[in-house]
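Step one of this worksheet: look at the structure below.
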Amino acid sequence: MIEWNNIEKKWRSKWQAEKDFETNPNDKEKKFITVAYPYPNSPQHIGHGRTYTLADVHARFYRMQGYNVLFPMGFHYTGTPILGMAKRVESEDKEILDGLRNIYHVPEKDIQTFVEPIKIADYFHQEIKAGMIEMGYSIDWRREFTTIDPAYSKFIEWQINTLKEKNLIIQGSHPVGWCPRDQNPVSQHDTLGDVEPDFTEYILIKFRFDDYIIPTATLRPETIFGVTNLWVNSKTNYKKILVDGEKWIVSKECAHKLEFLDKEISYEGEILGADLIGKQVTIPHRNEKIPMLEASFVESGTGTGLVMSVPAHAPFDYQALEDYKENQTQSSDFHLLKPISIISTDEYGEFPAQEVVEKLRISNQNDPKLEEATTEVYGKEFYGGTLKGNCEQFAGKKVSDAKDLIKDWLNENKFSDILLELTNSPVRCRCGTECVVKILSNQWFLNYGDKDWKEKANSCLDKMSILPQEIVNEFHYVVGWLRERACARQHGLGTKLPWDKDWIVESLSDSVIYMAFYTIQRFVQDGTLQPEKMSKEFFDYVFLGKGSAENIPGFSKDVMEKIRKEFSYFYPVDSRHSGRDLVPNHLTFFVLNHTAIFPENQWPKQIVVNGSVLMDGKKMSKSMGNIIPLRQAISDYGADPIRLAIIISAELLQDADFNLESVSGIKHKLETILEECSRLKLSKIEILEPEDNWILSKLQNLVSNVTFSIEKMRLREALHEILFAFEADLSWYLKRANAKGRTDFDGILHQIFSTRIKLLSPFAPHIAEEIWERLGNTGLVSKLNWPEVSSESIDSKAIQSEDLLKSIMEDISNILKVTKINPRQITIYTANQFKITSYKSILEKVMDGQTNMGAIMKEMIANPETSDIKKNPDFVQKTIKDILSEPTEIRKTKMKTQIDEKIILSEELIAIAKKDFDAEVLVFAEGDSDIYDPKGKAKHARPFKPAILIE
RNA sequence: GCGGGAGUCGCCCAGCCUGGCCAAAGGCGUAGGGCUUAGGACCCUAUCUCUUAGGAGUUCGUGGGUUCAAAUCCCACCUCCCGCACCA
């Protein structure tokens, strides 16, 4: 029984005692590995562990390759979710308290303090840090910080000021979800049921009604050319209001929404829907009147409570018109209303709304299927429709292009306005109040829409390495569509905007270049730097090299030079690890901001993106209760088995499916290796047998494959090679050595396992140290050099002869399987010298690119040495096939080296065949004078394919 | 719609980047055997089809193409999954 936690503790304290992960500048080449820091609103679970584990393996690998590796960690306190949590704790929200108690196991005395947001962050900060240490992450903790530390705030002020100086921060207005009672923006964390407030932007078309305006809300401004009437709900009591000096008639709900949209509203009176019916309004862009008619589908809570009717293209309108006509007892002028078709598509005829309504068998305007019909027509017409000749200057344009043009045209001519409302209403704030959309003026934005900035970011992306490669297009795409992005918000933890203290720098904007801060943080921790003295001049000098060391207020020349040196040594970032959910935001902002602030030689070198972690094939979530806190898992299974289970379950970008069986599988595997190695002693072996040379060659192969894979961060592949793929070779080796009755190969195994453990060390650092020690080796394996591949120790003869042996063993099994013979004696016939010469000749020709049987035959006959081959064309045919079915690598080896099959087989085949088949083995070369060949099999022999006789 | 990813032998999943030791690893399941009083656990063997000589045939979403050779490269199509914003 292995005490994993004890072993892990033992080696962690050794690493700590030797300060192995504390990294300062030195003469060696550096690597700076970073990971997106955690947001401490919960303990870590297995899913969080993935990114950090990948980065740690990366760091440990580089360390063994001889680099001076810096791997630091910070904690992101900035943001609003923790605020929401604190509020919920304060109001004794049962759901959150249960979660804290039963899933996160937070002690009751700590929960009491959670009414203060900072206490929540502090608690989980320590919890997460402890887990990272227990996982064996090789982090330099002297550089740790939180994003509300005074020094960090100074840094963020400098960052945001620098961006502003470069005119990359602009001011504007922006809609947000808003709680009218709290007078605060709401995001997902602030709503009941964690609903994300989502907006719909309607265009209000302003129809004229005497000296009033009747606005109707639409998502399809282009359909104004097909309007036939308005729809009014006769039961609704509409408000007459004054909006920025204009008289409007809208529903009560609409009036309420307008109050938050940057408009002056006053109420003047009311009018019942029924009083509007039958009256006429004027279309804004034409002097043309249309009637207002009754429709029951019109809801006062959506849009303005009045609807513009386009029966040709809107299923609701078409159906309402049908209903209207049916209900009219006596014919009126309005009875003659006809849909006006304005869009042509391949899909539909003249009246798409009618077609779809009939297709879905809709019979009245309150049928829920009308929603589906609307979505279908909208989608088809938007992406595939063209405006017809009756659309004035927009005729002939594609709907997808014309929509924005028409929107602008309406706006410029004051024919329209904008109404924003919540798509998924009602959204309720945690205080219970129904939320609205509010336009915030004076909002600050990072201008990611800037063309020059995008160009720089794209050029950075082109120059850097993005792993895995396939995700690079996604980055370019994100850079392409990014526009202005709000970079400040009104509440939450974080740094205040230096020029406007009502705002706090938003959390995705204060985490874009903080990797630079790691390089100076250890001087904050040791007291060399005092936050209050860190000025613009200070940061400009340290990070940008502006000014000179002696003129920085507050700090001596020596200090300044030392700090500048630290930054210059470690920057740029060599690799940044993160989950793929951060590609469209953090990772892209990280690139953008670096290109804006730093000179090109400080731009990041690499991004590594990983997928998420599933638990037993399902998404992890609190509600499903399938979250395993990382620290719990470590104490149950050990850190290394968890590290390996996460890595082996998927390649970088795929979702990793974590399950406990795979953890126990891995654990068992590691324990087997540990036991095996505890037995092995370092010993010298005098004469190497062919199988020894073979397995040592295979070991070189392993080192080379694993190194290649890790360099590409294909860690699953690398680990698979180390733990499993190599086993097949090892078991062949053991089978061979055991068949020969050898007892002297422990030394070889010791050598093999020592190398294998070095390869394993970055992945499973604790157990690797333990095994290393049990093998009787000295020192820490994590501090050794990564094994190098030496091509000299690859013995191509040994590889060829083992391949020959394997293929003969397999052939024999096949024959036995088909014939069901019980073998007594197996006779092997190897090819004669003429065939070997001919084989070489064919091999050369095929390597030259000649694969045509006839041409090869002709050439061989022309050469006196091989002209006799004409008697045996079958041999040529089969040999070409043999050669072509092999990979080029093996062909090359066969060109270079030659093995004597008869000698190898007589020496090596007998033992293993005796063991596997319990039969005697005779070996002859075709043409031997003493040959035993009762069935005339020998003539079928080919090089690498001896003939076989089984009796 | 745009952008990205995926479709493999009953199921899960590797192989594709770097074409050929690929009828295609591993796991689950299934069948037979060993062990055991029995069950469980564990171990061994088999698991596309045909075949009494190492062979042949048909397979990797569908249809084409390139090549001596395609699961792998190219083109088109079908189906499924993810992202499209102010949220960490």
Side-chain angles (χ1 to χ4, degrees), chain A residues 36 38-39 41 76 78-82 174-177 185 187-190 194 196-198 379-380 382-384 400 440 443 445-446 448 468-478 480-489 492 506-509 511 579-586 588-589 611-612 617 648-651 653-655 657 661-662 665 708 712 714 716-717 720 724-725 727-728 803 806-821 846 849-853 880-891 935 937 940 944-950:
Chain A
Y39 183 67
N41 68 337
H76 197 196
T78 319
T80 52
I82 287 177
H174 181 66
V176 292
S187 62
Q188 188 172 350
H189 322 280
D190 309 310
D194 281 338
E196 174 73 38
D198 199 8
K380 296 261 164 71
F382 180 75
Y383 296 114
S400 51
L440 281 183
Q443 169 67 285
F445 295 91
L446 273 163
Y448 290 138
Q469 183 64 40
E470 55 255 41
I471 204 151
V472 68
N473 286 334
E474 213 166 314
F475 278 99
H476 283 298
Y477 181 70
V478 172
W481 64 249
L482 274 176
R483 300 282 172 265
E484 302 78 20
R485 184 188 172 92
C487 64
R489 52 184 308 154
E506 183 269 331
S507 56
L508 281 170
S509 305
S511 58
R580 79 172 303 171
D581 50 332
L582 300 189
V583 171
N585 42 68
H586 166 73
T588 306
F589 303 160
S612 61
I648 200 112
S649 69
E651 213 53 87
L653 213 48
Q654 291 170 340
D655 289 343
D657 186 7
E661 289 102 278
S662 75
F708 178 84
K712 298 241 170 7
R714 298 198 307 225
R716 189 203 59 78
E717 190 175 84
H720 187 263
F724 300 108
E727 297 279 277
D803 282 350
K806 280 193 200 171
S807 96
I808 290 178
M809 291 295 287
E810 200 179 305
D811 284 349
I812 295 173
S813 305
N814 273 334
I815 296 169
L816 293 178
K817 191 177 130 194
V818 177
T819 60
K820 302 185 180 74
I821 295 174
V846 172
Q850 180 55 270
T851 55
N852 182 283
M853 158 89 181
I880 293 173
K881 215 179 150 194
D882 286 347
I883 293 170
L884 279 176
S885 71
E886 279 167 347
T888 326
E889 275 309 299
I890 290 182
R891 290 182 216 164
K935 294 255 172 81
K937 292 274 184 193
H940 298 297
F944 303 102
K945 195 77 184 169
I948 300 169
L949 171 68
I950 302 178

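Convention: sequence-line order gives letters A, B, ...; per-chain numbering from 1.
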| request: Measure the CG-CZ distance between A:Leu446 and A:Phe589 for me, rounded to the nearest 0.5 Å. | output: 8.5 Å
| message | Regarding B:rC84, can its base be found pairing with the side chain of A:Tyr477 as donor and acceptor, where the two atoms are less than 3.5 Å apart? | response | no
| query | Side chains of A:Arg891 and A:Ile883: does their closest heavy-atom pair fall under 4.5 Å? | reply | yes
| task | Kindly write out the residues that satisfy side-chain hydrogen bond (donor to acceptor under 3.5 Å, both in side chains) with A:Arg714, not counting sequence neighbours, or none if the list is empty. | result | A:Glu717
| Between A:His720 and A:Phe724, how do the two ring planes meet: parallel, tilted or perpendicular, split at 30° and 60°? | tilted
| query | With a non-hydrogen cut-off below 4.0 angstrom, is A:Phe944 in contact with a base, only sugar-phosphate, or nothing? | reply | nothing
| note | The Watson-Crick or G-U wobble partner of B:rA6, with both key distances under 3.5 Å, is B:rU79
| request: May I ask you to say what A:Lys881 touches in the nucleic acid, namely base, sugar-phosphate or nothing, with a heavy-atom cut-off under 4.0 Å? | output: sugar-phosphate
| message | With a 3.5 Å limit on both atom pairs, tell me what B:rU30 is paired to, counting Watson-Crick and G-U wobble, or say none. | response | B:rA46
| request: Give one of base, sugar-phosphate or nothing for A:Leu816, where a contact means two heavy atoms less than 4.0 Å apart. | output: nothing
Could I get a table of every N or O pair under 3.5 Å where one atom is in the protein and the other is in nucleotides 11-15 of chain B?
| unit_1 | atom_1 | unit_2 | atom_2 | d |
| --- | --- | --- | --- | --- |
| B:rA14 | OP1 | A:Gln654 | OE1 | 3.2 |
| B:rA14 | O3' | A:Arg716 | NH2 | 3.2 |
| B:rG15 | OP1 | A:Arg716 | NH2 | 3.3 |

| remark: By the Watson-Crick or G-U definition, both distances under 3.5 Å, B:rC68 is matched with B:rG20
| request: Hunt down the Watson-Crick or G-U wobble partner of B:rG39, both distances under 3.5 Å, from any strand shown, or write none. | output: none
| field | Any N/O donor-acceptor pair, A:Arg714 side-chain to B:rC17 base, under 3.5 Å | value | yes
